[in-house]
Protein chains: 2
Amino acid sequence: MTSLPAMLNTVRAHGLRVSTARRLVLAALLDAGEPLTAEQLAAGGDLASTYRNLETLESIGLVRHVHLGHGPGRYELSGRSAGWAACDTCGRATPLAPPALAAIQRAVREHAGYEAAFTHFPIVGRCEACRT
Amino acid sequence: MTSLPAMLNTVRAHGLRVSTARRLVLAALLDAGEPLTAEQLAAGGDLASTYRNLETLESIGLVRHVHLGHGPGRYELSGRSAGWAACDTCGRATPLAPPALAAIQRAVREHAGYEAAFTHFPIVGRCEACRT
DNA sequence: ATACTTGCAAATGATTTGCCAGTGT
DNA sequence: ACACTGGCAAATCATTTGCAAGTAT
């Protein structure tokens, strides 16, 4: 589901309305190269409504949010990335390639007994560049 | 450094004062079996001062805080645990045994290029029990 | 017409800051 | 004495909630 019309159909399919605000949020997420904050997505409009819309769009599976270290949560289309790693030194986030993610998940499952997706809470550490 | 007097010496060694509030915070952390919130550590006393003391004690390396999923940060003595995994379903946190932690860190380093301690931001996922 | 949505104000939870009185050294 | 601390009020940041007015279907 990578097209705006398809997403709007999903919205209608859930008995929800297609409003200008929702169209704008989805369009902004579609051409964003990274997860955006609610404030960025509100873009001067009403923040509270933006949070409400993001929550609604998450509840129907179109949107997801990730906590990249400290600071506000960031939103993205739910199909966009497999999982995240974030650097707590430079603040940059790296999407994990599916094979790398799978290998890490296997290690976590085997050694800690946890099933971790790293989509909502990423791996936080120091990236290659910041290890100097 | 597992004794209260030793920690108080560290406080003095940094030119800081040993106040009742600081002694109480350190004593509480010493016999806590898990990381505690600032509110728990304030225990009816002044929350703002407690936050300030925790920050001071962190700055001299005695204390550390961890973000176990959503909710307030939690504080622990910095020597206490190697790293954490937290379950976003039941909310429980599991300290990682050093060998398990090392294996996971190796996988993260190899496959993502990140150096992750999991002491400040843990591995968040679903624990064995919650996977039903 | 009738829900569903918006916009604005106000509340909430976690944490920080300003300021002055209090206290460890 | 003097600088470091404590306590209290108020500010800040991210997010949520209440409610009356607006709009998609």
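Below, chain A is the first sequence line, B the second, and so on; all start at residue 1.
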**OP:** Figure out the CD/P separation between Glu55(B) and dT5(D), and round it to whole Å.
**Re:** 12 Å

Original post:
Base, sugar-phosphate, or nothing: which does Gly45(A) touch, judged by heavy atoms less than 4.0 Å apart?
Top reply: nothing

**OP:** Can you figure out which of dG7(C), dT6(C), dT15(C) approaches the side chain of Arg22(A) most closely?
**Re:** dT6(C)

**OP:** Give the rounded distance in Å between these two atoms: CZ of Arg23(B) and C1' of dC4(D).
**Re:** 15 Å

**OP:** Please state how far atom CD in Glu39(A) lies from atom C1' in dT12(D), giving the value in whole angstrom units.
**Re:** 13 Å

**OP:** Say whether, by atom type as modelled, one donor and one acceptor occur between the side chain of Arg64(B) and the main chain of Ser81(B) under 3.5 angstrom.
**Re:** yes

Original post:
With nearest nucleotides of DNA chain D determined for Ala48(B) and Val11(B) from heavy-atom distances, which residue corresponds to the more 5′ nucleotide?
Top reply: Val11(B)

Original post:
Hey, does the side chain of Tyr51(B) come within less than 4.0 Å of dT15(C)'s phosphate (OP1/OP2), counting only N and O?
Top reply: yes

Original post:
OP1, OP2 of dT5(C) versus side-chain N and O of Asn53(A): anything below 4.0 Å?
Top reply: no

Original post:
Could you give the CG-to-P distance, from Leu54(A) to dT15(D), as a whole number of Å?
Top reply: 10 Å

**OP:** Among the candidates dT15(C), dG7(C), dT15(D), find the nucleotide nearest to the side-chain atoms of Leu47(A).
**Re:** dT15(D)

Give me, pair by pair, the N or O atoms of the protein and of nucleotides 19-24 of chain D that are less than 3.5 Å apart, along with how far apart they are.
| residue | atom | partner | partner atom | Å |
| --- | --- | --- | --- | --- |
| dA24(D) | N3 | Arg17(A) | NH1 | 3.0 |

Subject >> Arg109(A) vs Glu115(A), salt bridge (Lys or Arg N to Asp or Glu O under 4.0 Å): CA-CA, chis, key distance, verdict >> reply: CA-CA 6 Å; Arg109(A) 191 179 321 115; Glu115(A) 203 68 61; 3.0 Å; yes

Original post:
Can you tell which of dG7(D), dT15(C), dT5(D) lies closest to the side chain of Leu16(B)?
Top reply: dT5(D)

Original post:
Is a donor on one side and an acceptor on the other found under 3.5 Å between the side chain of Arg23(A) and the backbone of Leu8(A)?
Top reply: no

Original post:
Would the His67(B) and His67(A) ring centres measure less than 6.0 Å apart?
Top reply: no

Subject >> Parallel, tilted or perpendicular, as decided by the 30° and 60° cut-offs, for the rings of His120(A) and His65(A) >> reply: perpendicular

Original post:
Just checking Gly71(B): base, sugar-phosphate only, or nothing, at a heavy-atom cut-off of under 4.0 Å?
Top reply: nothing

Original post:
Would you say Glu58(A) has more than 12 foreign heavy atoms packed within less than 6.0 Å of its CD?
Top reply: yes

Original post:
Separation of Asp46(A) atom CG from dT16(D) atom P, in whole Å?
Top reply: 14 Å

Subject >> Over all atoms of both residues, closest heavy-atom pair of Leu68(A) and Ala93(A) >> reply: CD1-CB, 3.7 Å

Subject >> Tyr75(B) OH - dT15(C) P separation (whole Å) >> reply: 6 Å

Original post:
Expressed in angstrom and rounded to an integer, what is the separation of His14(B) atom NE2 from dT25(C) atom P?
Top reply: 15 Å

Original post:
In whole angstrom, what separates Leu24(A)'s CG from dG7(C)'s P?
Top reply: 10 Å

